[in-house]
Amino acid sequence: MPLALLALAIGAFGIGTTEFVIMGLLPQVAGDYGVSIPTAGYLVTGYALGVMFGAPLMTVLGTKVSRKRMLMALMGLFIVGNLLSALAPAFSVMLIGRIVASLAHGAFFGIGSVVAAELVAPDKKAGAISMMFTGLTVANVVGVPLGTLVGQSVGWRVTFAIVAALGVVGLAGIARLVPDMPKPEGVRLRHELAAFKNVQVLLAMAMTVLGFGGVFAAITYIAPMMTHVTGFADGSVTWLLVLFGLGMVGGNLLGGKFADRALMPMLYVSLGALAVVLALFTLTAHDKLLSAVTIALIGALGFATVPPLQKRVLDQAHGAPTLASAVNIGAFNLGNALSAWLGGLVIAAGFGYTAPNWVGAALAAGALLLAFLSAALERHAGAPSTVVTRAAPAEQRTAVHH
């Protein structure tokens, strides 16, 4: 794997840290600004919305520059947003800082996925994508707990200043290590938009929304579930989330490895197992050991779907994959928002804190059905077992085996 992937992983680590660390610092931020916890929660909502809308917007704006320059510009935007959050004199300014930082998120992972895939041989593409996403998963194991600890010990502003410094390291790494690959000749915005006419691209994005939504239906409400149902102390939630993060790291790497060998079978196994484990979580949540194991499995199975789904979009949007890749990152966040809303509805309806697990199981099962539908449509259309992807130079074409 090229060293350039390390630079992309560092950027992903910083982005993953800033996205999730705010959840553990909301009481401190709310207290400093004199706002309620629900109001402070807009810092989470605003970031998620910024990712969804920023992914296509920033990708479109970057169509006229090289991918390396766009990645550097996105890291610059990330640095500015986190510095603004660290120095914000008022809550509204901090919210603006969060939104500015979020605008870099989707496009960075979208463009970064394309760059990572182009850095390696055709049979290593999913593995390269997973190496970049390793930065995001490790952030949940290391960056978020440490960032929370620093924020609670010496102040949340220090946490965001450190995250901005991580952005500087990522920017320097991209400038130094990522090759300046030229944009494919003849690819225009209309070609990027044309990818959305492909039903297979849309099905892959729908799988992303439902599959990852299944994960966050359960994890969003993990704190009340573990404290009220399982009987863990409040302080135990942190290490339970670390277990979830460790599962994410392992699942992401395995997903990348096996997706390069058999992409669709990897999706069948991971989505099917995810649906079963989420359904069983309604039972295992009543036992401390079993619930801890289940949480790690949810992280592993959930993130095992990320490299194959991202590669599926790249394969099906061949020739002009950048915008579709970025929008698929926004689809992950749409899944998070949708599942959190649905999970809240079943809790509010009086079904209990384990009810979101059934919601998650249903969403994951829906994603599995879409995977079967996608494969059936491909077979019906007489699609060969390979797809054509654009390589550099643009006139070359390489067959990529699913």
Side-chain angles (χ1 to χ4, degrees), residues 48-49 51-52 55-56 106 109-110 113 126 129 133 136 195-196 198-222 244 247-248 251-252 255 259 263-282 294-295 297-317 324-347 354-378:
L49 291 174
V51 174
M52 283 197 300
F109 282 109
S113 294
I129 293 170
F133 275 95
L136 176 64
F196 295 95
N198 184 342
V199 68
Q200 292 290 1
V201 172
L202 298 179
L203 282 172
M205 291 180 178
M207 282 184 261
T208 296
V209 172
L210 296 180
F212 215 66
V215 173
F216 272 82
I219 295 304
T220 298
Y221 301 98
I222 197 72
F244 174 69
M248 289 167 65
N252 174 61
L263 191 148
M264 292 307 291
M266 182 63 201
L267 281 178
Y268 301 152
V269 172
S270 56
L271 289 171
L274 178 62
V276 170
V277 169
L278 283 166
L280 288 175
F281 199 17
T282 57
T294 305
I295 288 169
L297 284 174
I298 291 172
L301 293 169
F303 248 79
T305 68
V306 175
L309 282 171
Q310 195 69 6
K311 184 175 183 289
R312 180 75 173 167
V313 170
L314 293 180
D315 285 350
Q316 298 300 329
S325 177
V327 171
N328 197 49
I329 300 299
F332 284 107
N333 284 268
L334 177 59
N336 296 354
L338 174 67
S339 61
W341 175 65
L342 292 174
L345 284 182
V346 294
I347 291 175
T354 61
N357 300 329
W358 285 114
V359 173
L363 291 173
L368 177 61
L369 290 177
L370 290 181
F372 287 131
L373 174 61
S374 176
L377 289 175
E378 202 166 42

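Please read these numbers as outputs of a predicted model, since none were measured by experiment.
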[X]: what forms a ring-ring contact (aromatic ring centres under 6.0 Å, His included) with it, not counting sequence neighbours?
| X | answer |
| --- | --- |
| Tyr221 | none |
| Phe244 | none |
| Phe109 | His105, Phe133 |
| Phe281 | none |

Tell me, do [X] and [Y] make a side-chain contact under 4.5 Å, heavy atoms counted?
| X | Y | result |
| --- | --- | --- |
| Leu309 | Phe212 | no |
| Met205 | Gln316 | no |
| Leu136 | Asn252 | no |

Residue list, side-chain hydrogen bond (donor to acceptor under 3.5 Å, both in side chains) with Thr208, at least two apart or on another chain: Asn328
Under the side-chain hydrogen bond (donor to acceptor under 3.5 Å, both in side chains) test, residues paired with Thr354 that sit two or more places apart: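 Per chain and number, Thr354 pairs via side-chain hydrogen bond (donor to acceptor under 3.5 Å, both in side chains) with no residue.
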Val51 vs Phe332, side chain to side chain contact (heavy atoms under 4.5 Å, CB included): CA-CA, chis, key distance, verdict: CA-CA 10 Å; Val51 174; Phe332 284 107; over 6 Å; no
Specify the closest pair of heavy atoms between [X] and [Y], including all atoms of both residues, with the distance to one decimal.
| X | Y | answer |
| --- | --- | --- |
| Val201 | Ala324 | CG1-CB, 4.3 Å |
| Pro308 | Gly255 | CD-O, 3.9 Å |
| Gly343 | Pro356 | O-CG, 3.8 Å |
| Leu314 | Ser113 | CD1-O, 4.0 Å |

Donor-acceptor pairs are to be reported for all side-chain atoms of residues 365-376 against protein atoms at under 3.5 Å, with residues two or more places apart or in another chain.
from   : atom 1 : to     : atom 2 : distance (Å)
Ser374 : OG     : Gln200 : OE1    : 2.3
Ser374 : OG     : Arg312 : NH2    : 2.8

Spacing of CD1 belonging to Ile329 relative to CE belonging to Met52, to within rounding of 0.5 Å: 13.5 Å
Approximate separation, where rounding is to 0.5 Å, of Ile222 CD1 and Ile298 CD1: 6.5 Å
Set of side chain to side chain contact (heavy atoms under 4.5 Å, CB included) partners for [X], sequence neighbours left out:
| X | answer |
| --- | --- |
| Val269 | none |
| Ala355 | Val346, Phe351 |
| Ser339 | Phe216, Ala217, Leu363 |
| Val209 | Ala331, Leu334, Leu338 |

In residues 270-277, what donor-acceptor pairs under 3.5 Å come from side-chain atoms, sequence neighbours left out?
from   : atom 1 : to     : atom 2 : distance (Å)
Ser270 : OG     : Met266 : O      : 2.8
Ser270 : OG     : Leu267 : O      : 3.3

